[in-house]
Trainee: 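My questions will all concern the structure given below.
First the proteins, then the strands, lettered A, B, ... as listed; each starts at 1.
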Amino acid sequence: MTAATYVFEYHLVNYRRTWRATVLSSVVLPLLTMLGFGLGVGAFVTGDVQGFSYLEWMVPGLIATTAVQTAVGEATWPVMSGFAWVKSYFAQAAAPLRAGDILGGHLAFMLFRVLLSVASFLLVALLFGAIRSPGAVAVLPIAALLGFATAAPAAAYTASVTSDMFLAVLFRFVVLPMSLFSGVFFPIESLPGALRWIAHVLPLWHGVDLCRTAVLGLDPGPGAVWHVLYLLLWGVAGWFLAVWRYRRRLVF
Amino acid sequence: MNSLIHARGLVKRFDGFTAVDGIDVDVRPGEAFGFLGPNGAGKSSTMRMIGCVSPPSDGVLRILGMDPRRDGPAIRARLGVCPQLDNLDPELTVRENLTTYARFFGIPRKVARARATELLDFVQLGERAGSRVDPLSGGMKRRLTIARALINEPDLVLLDEPTTGLDPQARHLVWERLFRLKQQGVTLVLTTHYMDEAEQLCDRLVVMDGGRIVAEGSPRELIAAHSTREVVELRFPTEDQGAYADELKGIGERIEVLPDRILLYVADGDDALAEVHRRSLTPVGSLARRSSLEDVFLRLTGRTLVD
Ligand SMILES: Nc1ncnc2c1ncn2[C@@H]1O[C@H](COP(=O)(O)OP(=O)(O)O)[C@@H](O)[C@H]1O
Ligand SMILES: [Mg+2]
């Protein structure tokens with residue numbers, strides 16, 4: 001555990017050198033999305049969605065996708081770099097760290113990045129008047145959970161592939177469709193049955209529903225517990241897979 | 001037994017391919033020990049097993065008296081590792097590369113900063129402490145990697161080809177630093193395919209080829225046991241150097257025909273050269289020199305070290 005915090009510390013020091021490059025995606029992108037979708041598309045969507053204005057209804061979904069985009073982004077190219085380009089993981093493996101420490105410290109940093117981008121999204125949304133319920137702060141732990149549920153399996157995937165071509169494949173064929181069909185831009189009830197099933201299986205929709213409940217101040221109900229447990233399942237399964245893949249790649 | 005490294009019948013296999021084929025090694029405290037061998041000899045595979053990042057496929061391996069399978073982290077805490085390929089962090093500064101690495105060993109931040117300063121001075125990078133790693137030369141990066149390997153004051157320093165790919169001047173700087181470490185009593189284990197590196201730095205070495213150890217001893221012992229005192233190199237103006245082998249018969253103990261030259265193994269180089277001229281042979285190039293580990297390797301394997 002302490003060994004993992006040393007690795008987390010290393011990633012923070014590294015981030016001190018590279019954070020500028022992430023400001024664009026953390027602040028400017030939410031701003032543009034908000035303007036484009038919320039105000040632009042929202043102007044066409046007359047009437048409410050489930051009793052809320054389109055902008056208000058959509059913001060929590062955008063927060064959840066931001067969490068997933070950041071989590072998977074951090075669990076792909078930087079992980080590939082640790083194994084193949086900078087090879088920082090191998091430097092760490094030569095020190096008294098285990099595969100679980102190396103992964104754990106990096107995963108903690110990924111979740112830190114998720115929290116940063118979600119917090120800045122929350123601020124932008126607040127300035128736009130798109131958030132009214134104080135319960136909205138609950139999106140922070142929800143985003144961390146959703147980040148865990150997606151970053152851990154994504155890190156396991158990255159540790160299993162040998163070319164960054166496969167990372168683009170993950171984004172194009174998993175993350176992008178998931179973002180489109182997980183109730184971010186429209187309720188999944190409007191999806192045909194088969195696609196709705198995809199939304200239920202993949203993690204994002206569960207995070208979207210939790211975020212929406214928190215931001216709109218709805219009654220969580222027992223469904224929320226199932227969402228949390230299901231996301232935990234994704235995270236824990238992803239964690240064990242990733243430890244196994246990391247060990248295979250570092251110790252041979 | 002007081003060996004820092006103790007290996008018996010050590011084997012490393014990769015899906016059926018045997019990279020290290022049953023080697024016996026003992027490294028004692030304070031010694032500079034070398035694995036000399038060409039590319040593919042199994043040096044890095046051996047170093048990775050010693051570094052406890054690669055489980056042995058067979059045989060006995062004890063590092064610092066402990067079992068790498070069980071005590072990996074405890075052993076690694078006391079090792080310093082300079083891998084064959086640098087894996088420094090290009091985004092961090094020279095100093096941060098040391099201080100962040102120190103933390104992996106649980107070294108307090110303040111101690112880490114003090115040690116980083118000291119080590120950067122030692123490897124002559126003190127003035128570059130605040131600069132990024134990216135623009136450093138190959139030799140500077142290598143020296144920084146060596147400094148990083150010393151951050152935990154290790155009992156055993158593993159250096160996998162410490163000067164491969166460096167220009168001669170950069171190599172000499174690295175050698176000089178390693179020599180200083182050796183004088184300070186630090187136990188060094190290094191691999192190399194440069195015989196001059198092995199001769200300069202190693203108290204004792206093993207010659208490796210095809211995953212096996214083919215000879216062991218100090219550079220001087222190895223030369224005495226497997227070569228003559230001097231060597232005469234002759235180059236003849238022909239495609240086929242071997243055509244001259246017959247006419248050189250009887251000069252010295254042994255003759256080796258290489259694609260580009262002939263080597264005569266002799267006790268006295270000048271006498272041998274005089275005999276070559278007396279036989280009215282006229283090589284375009286001739287050179288008498290002392291025997292080296294290169295000659296030992298050629299003798300033992302029939303091949304040259306660096307191709
Ligand atoms: N991970 C691996 N998988 C398969 N073969 C390997 C692996 N690592 C090394 N080898 C093979 O083992 C042999 C010895 O390699 P290595 O230990 O790197 O030699 P050296 O360091 O002396 O050049 C080589 O033939 C190499 O191709
Ligand atoms: Mg090697």
Trainee: Counting N and O atoms only, with roles assigned by atom type, does the side chain of R16(A) sit under 3.5 Å from a partner on the main chain of L92(B), one being a donor and the other an acceptor?
Mentor: no
Trainee: If I compare all heavy atoms of R17(A) with all of T93(B), which pair ends up nearest, and what's the gap?
Mentor: NH2-CG2, 3.6 Å
Trainee: Grab the two heavy atoms, one from S54(B) and one from F252(A), that are nearest each other, plus how far apart they are.
Mentor: OG-O, 2.7 Å
Trainee: Which heavy atom of F104(B) sits nearest to which heavy atom of Q92(A), and what is that distance?
Mentor: CE1-CG, 3.4 Å
Trainee: A quick test of your reading: do over 12 heavy atoms of other residues, nucleotides or ligands sit less than 6.0 Å from CH2 of W244(A)?
Mentor: no
Trainee: Quick check on V53(B) against chain A: is it the side chain, the backbone, both or neither that has a heavy atom closer than 4.5 Å?
Mentor: both
Trainee: Shorter than 4.5 Å, heavy atoms on both sides: which option in T145(B), D89(B), L158(B), D86(B) has the most such pairs with chain A?
Mentor: D89(B)
Trainee: Can you say whether R48(B) sits under 4.5 Å from chain A via the side chain, the backbone, both, or neither, judging by heavy atoms?
Mentor: side chain
Trainee: Do you know which of V13(A), V7(A), T2(A) has the most heavy-atom pairs with chain B at a distance under 4.5 angstrom?
Mentor: V13(A)
Trainee: Nearest heavy-atom pair of N87(B) and V86(A): which atoms, and what distance?
Mentor: CB-O, 3.5 Å
Trainee: Are E9(A) and R103(B) ion-paired here, with the side-chain N under 4.0 Å from a carboxylate O?
Mentor: yes
Trainee: If you count every heavy atom of other residues, nucleotides or ligands that lies below 6.0 Å from F14(B) atom CZ, does the total exceed 12?
Mentor: yes
Trainee: The test is side chain to side chain contact (heavy atoms under 4.5 Å, CB included); show your working for E96(B) and N14(A) and say whether it passes.
Mentor: CA-CA 9 Å; E96(B) 284 167 343; N14(A) 222 327; over 6 Å; no
Trainee: Tell me whether the count of non-hydrogen atoms from other residues, nucleotides or ligands lying under 6.0 Å of CZ in R245(A) goes above 12.
Mentor: yes
Trainee: Using heavy-atom distances under 4.5 Å, tell me whether A91(A) contacts chain B through its side chain, its backbone, both, or neither.
Mentor: both
Trainee: Restricting to non-hydrogen atoms, name the atom on P73(B) and the atom on P96(A) that form the minimum distance, rounded to 0.1 Å.
Mentor: O-CB, 3.2 Å
Trainee: As an exercise, state the distance from OH of Y6(A) to CD1 of I107(B), rounded to the nearest 0.5 Å.
Mentor: 9.5 Å
Trainee: Would one find more than 12 heavy atoms of other residues, nucleotides or ligands at under 6.0 Å from atom CD of Q184(B)?
Mentor: yes
Trainee: Is R78(B) in contact with chain A via its backbone, its side chain, both, or neither, using a 4.5 Å heavy-atom distance?
Mentor: neither
Trainee: How long is the span from the OH atom in Y10(A) to the OG1 atom in T99(B), to the nearest 0.5 Å?
Mentor: 11.5 Å
Trainee: If you measure from CG on N97(B) to OG on S88(A), what distance do you get to the nearest 0.5 Å?
Mentor: 10.5 Å
Trainee: Sort R109(B) into side chain, backbone, both or neither according to what part of it lies under 4.5 angstrom from a heavy atom of chain A.
Mentor: side chain
Trainee: Taking side chain as everything from C-beta outward and backbone as N, CA, C, O, which of these in L250(A) sits under 4.5 Å from a heavy atom of chain B? Side chain, backbone, both or neither.
Mentor: backbone
Trainee: Quick check on R132(B): does its CZ atom have over 12 non-hydrogen neighbours (other residues, nucleotides or ligands) under 6.0 Å away?
Mentor: yes
